[in-house]
Amino acid sequence: MSDGDDVLTVTMNPAVDHTISLDEPLEAGGVARTDDAQFDAGGKGINVSQYLTALDVDAPATGFLGGSFGLMIREALDDDGVAHDFVEITGRTRLNTTILSPDGEYKINHDGPLVGGDDVDTLVERVRERSPSRLVIAGSLPRGVDVDAVDRLARAGPWETAVDMGGSFLQRLDADYLVCKPNREELGTATGRDVGTIEDCAAAARVLRERGFRYVLASLGPDGGLLVSEAEALYAPALPVDVVDTVGAGDAMLSGFLAGLVRGEPQASALRTAIVVAARVVSVPGTRVPSFDDVVADRETVEVRSV
């Protein structure tokens, strides 16, 4: 282990998350009006840094930022007390919009800026300088960056690396990783296996784990979460909460799990923490950080069983 940060997150394609709440359903050709909108610093790794910081884990954020939206993210993280050390690029950081309507949830995500090889080199050196105990690489890749950059970051130092990316990317990773955090669809894509039942998901996660992951932590939406290691496969159902917004739910689950590992919790306890943190996050709109008071107490209400 290093003497650097507990966790350092890498978000190569961050975004300003723009969340709009509507009182009436969207209609084609109509004009929707609202005064309920918010702007949050977004991107999967940034979300993890925000949640871990709120859980009292040292978790600065890095990655690529550029333009006016990049400045908004820096300012938002400063306001939230989240440390950051981003690489400045010439392109403009993207804007992602979520519309919460009575008839459903709509998402519009931009692809993001073009990032060059020199920028990737700078990011690798930035991570080496921080020398974290654990590295989290999460989210989509910007134009110009290939999945090889993820393996390169994982191999650049002695840290343990967690990864949260799409299933097609998980298929192509070649380094050894501490944990990957697919959702149900990504788990199926990464393995080509059926994921219809919890048992199917566990079987797929076992296959995925053999490709170089110590743990597979699968977020299963309203069905809860699954943790597979060499020793066991554990399942925990979701807590009964009023779901306001699912943005950041998987990031919250990964954050809770990593917080458990940082504190030396056993696997089952870390999974319980993951479930509680995810439940708190889906109960608020956008990626704003909810209160994590009494997480330890609520953890005892989470049932865990072997699958």
Side-chain angles (χ1 to χ4, degrees), residues 7-15 17 42-49 61-64 87 89 91 93-94 96 107 109-117 119-121 123-124 127 134-157 159-195 201 204-221 225-228 246-255 257-258:
V7 178
L8 176 66
T9 70
V10 174
T11 308
M12 295 198 224
N13 201 16
D17 282 339
K44 298 181 75 62
I46 288 174
N47 293 344
V48 171
S49 279
T62 189
F64 303 118
V87 174
I89 60 173
T93 294
R94 62 193 178 132
N96 289 343
K107 296 181 184 295
N109 289 357
H110 289 190
D111 290 332
L114 179 65
V115 174
D119 296 321
V120 175
D121 293 342
L123 178 61
V124 172
V127 172
R134 294 179 176 89
L135 185 69
V136 176
I137 306 171
S140 63
L141 298 178
R143 291 178 297 131
V145 178
D146 191 76
V147 72
D148 291 347
V150 179
D151 283 331
R152 182 181 172 190
L153 285 164
R155 292 178 173 134
W159 44 78
E160 299 177 316
T161 302
V163 63
D164 185 0
M165 307 182 73
S168 60
F169 289 115
L170 293 178
Q171 287 179 319
R172 298 165 56 193
L173 293 176
D174 190 49
D176 291 328
Y177 290 88
L178 170 67
V179 58
C180 66
K181 206 295 302 164
N183 60 27
R184 197 174 207 141
E185 179 181 356
E186 291 165 343
L187 182 60
T189 299
T191 61
R193 303 286 295 261
D194 180 52
V195 290
C201 290
R206 290 187 180 96
V207 171
L208 182 57
R209 197 199 69 79
E210 293 292 335
R211 298 179 185 171
F213 304 101
R214 190 182 313 169
Y215 301 104
V216 173
L217 175 68
S219 55
L220 306 179
L226 179 72
L227 177 65
V228 173
T246 60
V247 172
D251 309 326
M253 184 172 289
L254 178 59
S255 301
F257 178 70
L258 290 173

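What you see below is based on every heavy atom in this structure, not just the backbone, and it leaves out hydrogens, waters and symmetry mates. Residue numbers count from 1 along this sequence. Everything quoted here is computed from the prediction, not taken from an experiment.
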Side-chain contact, heavy-atom cut-off 4.5 Å: D174 with R155? yes
Output for pair (N109 CG, S140 OG), nearest 0.5 Å, gives 8.0 Å
Could you measure the distance from the CG atom of L8 to the CD1 atom of I137? Nearest 0.5 Å is fine. 9.5 Å
Enumerate the side chain to side chain donor-acceptor pair (under 3.5 Å) contacts for residues 207-218, please, sequence neighbours excluded, ordered by first and then second residue. E160-R214
Could you name each residue pair satisfying side chain to side chain donor-acceptor pair (under 3.5 Å) that touches residues 161-170, not counting sequence neighbours? K44-D164
Shortest non-hydrogen separation from T93 to P14 and the atoms involved: CG2-O, 3.5 Å
Taking only residues two or more places apart in sequence or in another chain, which ones pass side-chain hydrogen bond (donor to acceptor under 3.5 Å, both in side chains) with T11? none
Using the test side-chain hydrogen bond (donor to acceptor under 3.5 Å, both in side chains), find all partners of R206 that sit at least two apart in sequence or belong to another chain. none
Residues A204 and L187: closest non-hydrogen pair is CB-CG, 3.9 Å
About how many Å separate CG of D251 and OG of S219, when rounded to the nearest 0.5 Å? 9.0 Å
Taking only residues two or more places apart in sequence or in another chain, which ones pass side-chain hydrogen bond (donor to acceptor under 3.5 Å, both in side chains) with S255? none
For the residue pair W159 and V127, establish whether any side-chain heavy-atom pair is separated by less than 4.5 Å. yes
Measure the shortest side-chain to side-chain distance between V163 and F213 over non-hydrogen atoms and say whether it is less than 4.5 angstrom. yes
Side chain to side chain, P113 and N13, heavy atoms closer than 4.5 Å: yes
Output the distance between atom CG (D111) and atom CZ (R94), rounded to the nearest 0.5 Å. 8.0 Å
Looking at L254 and K181, what are the two nearest heavy atoms and their distance? CB-CG, 3.9 Å
Do F169 and V150 pass the side chain to side chain contact (heavy atoms under 4.5 Å, CB included) test, and can you show the C-alpha distance, the side-chain angles, and the key distance before you say yes or no? CA-CA 10 Å; F169 289 115; V150 179; over 6 Å; no
Minimal non-hydrogen separation, Y177 against D151, with atom names: OH-OD1, 2.7 Å
Taking side-chain hydrogen bond (donor to acceptor under 3.5 Å, both in side chains) as the test, write out the residues that go with R152, two or more places apart. D121
State, yes or no, whether a side-chain contact exists between V124 and L153 at a heavy-atom distance under 4.5 Å. yes
Check L170 against A190 and note the closest heavy-atom contact, atom names and distance. CB-CB, 4.1 Å
Is there a donor-acceptor contact under 3.5 Å from the side chain of R184 to the main chain of G221? no
Evaluate the side-chain proximity of V115 to M12: yes if any heavy-atom separation is below 4.5 Å, no if none is. no
Counting only heavy atoms from other residues, nucleotides and ligands, does the tally under 6.0 Å from CD of Q171 exceed 12? yes
L141 and M165, any side-chain heavy atoms less than 4.5 Å apart: yes
Side chain proximity check, D119 to F64, heavy atoms < 4.5 angstrom: yes
Determine the minimum heavy-atom distance between V216 and A205, stating which atoms define it. CG2-O, 3.6 Å
